[in-house]
Amino acid sequence: MPEELLFESESDRSREEIATYLRTIADNLESGSAITLKAGGDEVTLDPPSRPTFEVKAEREGPADGAKELSVEFELEWPEDGEAAGETGELEIE
């Protein structure tokens, strides 16, 4: 399936700034509100269903003989035309 990029933003932020972004997303998810992403002149609004698929990944990337980069990725995913029907698994984040 081809991928269409709707929005992208990448910038260095403090841990506190990142926490504020994530808190806003969490608040919108909890209240059932849509999530609007804005950067420069770009803007997209997404309205996740009540049970989207939640994916968490921790990765180490980089060349075999060079410096590595660590990342943690959080992803919400759902069919554009309805509710997600993903598997349920136990996740703990501390």
Side-chain angles (χ1 to χ4, degrees):
M1 174 169 58
E3 202 171 274
E4 176 188 1
L5 183 63
L6 301 176
F7 181 89
E8 183 174 38
S9 173
E10 184 173 331
S11 58
D12 291 336
R13 301 289 178 169
S14 70
R15 291 169 64 139
E16 292 80 10
E17 289 172 311
I18 294 166
T20 298
Y21 290 131
L22 293 174
R23 198 170 291 112
T24 299
I25 291 169
D27 290 346
N28 286 15
L29 286 171
E30 191 169 48
S31 70
S33 300
I35 298 166
T36 299
L37 308 170
K38 298 179 186 180
D42 294 335
E43 179 177 327
V44 66
T45 298
L46 301 168
D47 194 8
S50 61
R51 294 193 60 83
T53 300
F54 181 50
E55 181 179 338
V56 179
K57 277 196 259 186
E59 298 178 324
R60 179 181 294 116
E61 301 174 287
D65 60 347
K68 306 287 191 235
E69 181 178 81
L70 295 171
S71 68
V72 61
E73 300 175 9
F74 303 98
E75 182 174 292
L76 299 175
E77 196 173 72
W78 64 93
E80 197 165 359
D81 60 355
E83 293 284 320
E87 61 185 66
T88 58
E90 197 60 39
L91 169 68
E92 293 181 33
I93 299 177
E94 296 178 1

(message) Hydrophobic clustering (ILVMFWY, side-chain heavy atoms < 4.5 Å, transitive) - are Ile35 and Ile18 grouped together?
(response) no

(request) Verify the cluster assignment for Leu5 and Val44: are they in a single hydrophobic cluster under the rule of side-chain heavy atoms below 4.5 Å apart? (result) no

(message) Would you say that Phe54 contacts Leu76 through its side chain, given a criterion of any heavy-atom pair below 4.5 Å between the two side chains?
(response)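 Result yes, sub-4.5 Å side-chain heavy-atom pair found.
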
(request) Hydrophobic side-chain clustering at under 4.5 Å (ILVMFWY, transitive links): who's grouped with Leu70? Put none if nobody. (result)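 Cluster partners of Leu70: none, it stands alone.
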
Quick check: closest heavy atoms across [X] and [Y], and the distance to 0.1 Å?
| X | Y | answer |
| --- | --- | --- |
| Pro49 | Trp78 | CD-CG, 3.2 Å |
| Pro52 | Pro48 | CG-CB, 4.4 Å |
| Phe74 | Ile93 | CE2-CD1, 4.4 Å |

(message) So, taking the atom named OG1 in Thr45 and the one named NZ in Lys38, what distance separates them when rounded to the nearest 0.5 Å?
(response)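 One gets 7.5 Å once the value is rounded to the nearest 0.5 Å.
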
(request) Give, for atom CG of Leu6 and atom CG of Leu37, the distance between the pair rounded to the nearest 0.5 Å. (result)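 Separation between the atoms: 9.5 Å.
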
(request) Mind checking side-chain hydrogen bond (donor to acceptor under 3.5 Å, both in side chains) for Ser31 and listing every partner two or more places apart, or none if nothing turns up? (result)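 side-chain hydrogen bond (donor to acceptor under 3.5 Å, both in side chains) list for Ser31, sorted by chain: Ser33.
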
(request) Identify, with sequence neighbours excluded, every residue that meets side-chain hydrogen bond (donor to acceptor under 3.5 Å, both in side chains) alongside Ser71. (result) none

Got a list of side-chain donor-acceptor pairs under 3.5 Å for residues 20-28, not counting sequence neighbours?
residue, atom, partner, partner atom, Å
Thr20, OG1, Glu16, O, 3.1
Thr24, OG1, Thr20, O, 3.0
Asn28, ND2, Ala34, O, 2.9

Can I get a per-line list of side-chain donor-acceptor pairs under 3.5 Å for residues 58-67, giving both atom names and the distance, sequence neighbours left out?
none

(message) Please enumerate all residues that pass salt bridge (charged side-chain N to carboxylate O under 4.0 Å, His left out) together with Glu43, with sequence neighbours excluded.
(response) none

